[in-house]
Protein chains: 2
Amino acid sequence: MVAIGEASRLSGVSIETIRYYEREGIISKAGRTAAGRRTYSDAEISELRFIKRCRDLGFSIHNAVALRSLAHEPAGACETVEQLGRKHLTEVQAKLAELRQLESALVELVANCEKGRRDCPMLDALMGQNP
Amino acid sequence: MVAIGEASRLSGVSIETIRYYEREGIISKAGRTAAGRRTYSDAEISELRFIKRCRDLGFSIHNAVALRSLAHEPAGACETVEQLGRKHLTEVQAKLAELRQLESALVELVANCEKGRRDCPMLDALMGQNP
DNA sequence: ATGCATCCTGTAGTGACTACAGGAGCAAGT
DNA sequence: ACTTGCTCCTGTAGTCACTACAGGATGCAT
């Protein structure tokens, strides 16, 4: 059993965020010492780490919680897990496509700038008349 | 002079968002009819379109406002505009790199799923012991 | 006894909207 | 004149996932 600071170090989740997770019911309420300080078991630290890994992979808290529930199911959860994973991957790929488009638009805008012009082609593009 | 609905259609900015922009001082306060309805000139619609284009390019509202101010400067703003553009491009590219990494991590996780296993490699990876 | 680190609660702020509730006004058709 | 349906108004609360204090209590080492 460790205190919240150590749990934070071991899981990579900040102290404030751990308390936030508890407040929001994302993790179960931690036990307390006589003086009211939170204590964390290895299992609880693993739980934090699990959530952290999901978040690092871009899953929403909602889905991270869903995945954690699936992990506690006796069996047969793998299919649902895969679905969640594939759905998220699709979203990430959509976001990637969007960002790539955005990047090339920006590259073009900025490239016009560097030709030593007196006018500002970037502002012109932003101000253009057509909808 | 048109009403807010028409301004929304012409600029591509939703009615709620236009009112939000006004509330937050992002655009100047619209004039009103005798009955208290907002009215928009062509110039104000262009302003909305300018902000919208900046947002579509991923600029923050803060930077969109800065760019709009620069567009109203008599001259010499182009250099600052270019700086803002390049800075943003760099951020977009950083985000892209991050997303690409995330994508390949997800691809790997999900690829392990589809081999008709009984266990769930994705959950195993999320639950792994090492920090 | 002192000092410093760690912990507690509670609240407010972030960015950029979005979604109502509840009400008033306007324009067109009957 | 009246009704119907659209547009508009204000004000507030919600979204997501935290982050940042303020102000105070506790724990541990010297």
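Letters A, B, ... mirror the listed sequences (proteins, then strands); counts begin at 1.
For B/Thr17 and C/dA16, the shortest distance from a side-chain N or O to OP1 or OP2 is not below 4.0 Å. Residue B/Arg19 has no polar side-chain atom (N or O) positioned under 4.0 Å from OP1 or OP2 of D/dC8. Between B/Arg23 and the phosphate of C/dC17, there is no side-chain N or O to OP1/OP2 separation shorter than 4.0 Å.
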Task: Protein proximity profile, nucleotides 22-30 of chain D - base contact B, sugar-phosphate-only contact S, no contact -, cut-off 4.0 Å on heavy atoms - done: ---BBS---
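The side-chain heavy atoms of B/Glu22 and B/Arg38, taken from C-beta on, include a pair separated by under 4.5 Å. Here the side chains of B/Gln101 and B/Glu98 are not in contact, with every heavy-atom distance at 4.5 Å or above. The side-chain heavy atoms of B/Leu106 and A/His88, taken from C-beta on, include a pair separated by under 4.5 Å.
Atom CD1 of B/Ile18 is separated from atom P of C/dC17 by 12 Å (rounded to the nearest Å). Distance B/Glu24 CD to C/dT18 P: 14 Å, rounded to the nearest Å. Taking atom CD1 of B/Ile51 as the reference point, atom P of C/dG15 lies 15 Å away to the nearest angstrom.
More than 12 non-hydrogen atoms from other residues, nucleotides or ligands lie less than 6.0 angstrom from CG of A/Asp56.
If you find the closest nucleotide of DNA chain C to B/Ser60 and to A/Thr39, the one lying nearer the 5' end belongs to A/Thr39. Comparing A/Tyr21 and B/Ile15, the nucleotide of DNA chain D nearest to each residue sits closer to the 5' end for B/Ile15.
Closest contact between the side chain of B/Arg38 and the listed nucleotides D/dC9, C/dC17, C/dT11 involves D/dC9. Distance from the side chain of B/Ser14 is smallest to C/dT18 among D/dC9, C/dT18, D/dT19.
Here the side chain of A/Thr39 pairs no donor or acceptor atom with the backbone of A/Met1 at under 3.5 angstrom. Of the possible polar contacts, one joining the B/Arg68 side chain to the B/Ile26 backbone as a donor-acceptor pair under 3.5 Å is found.
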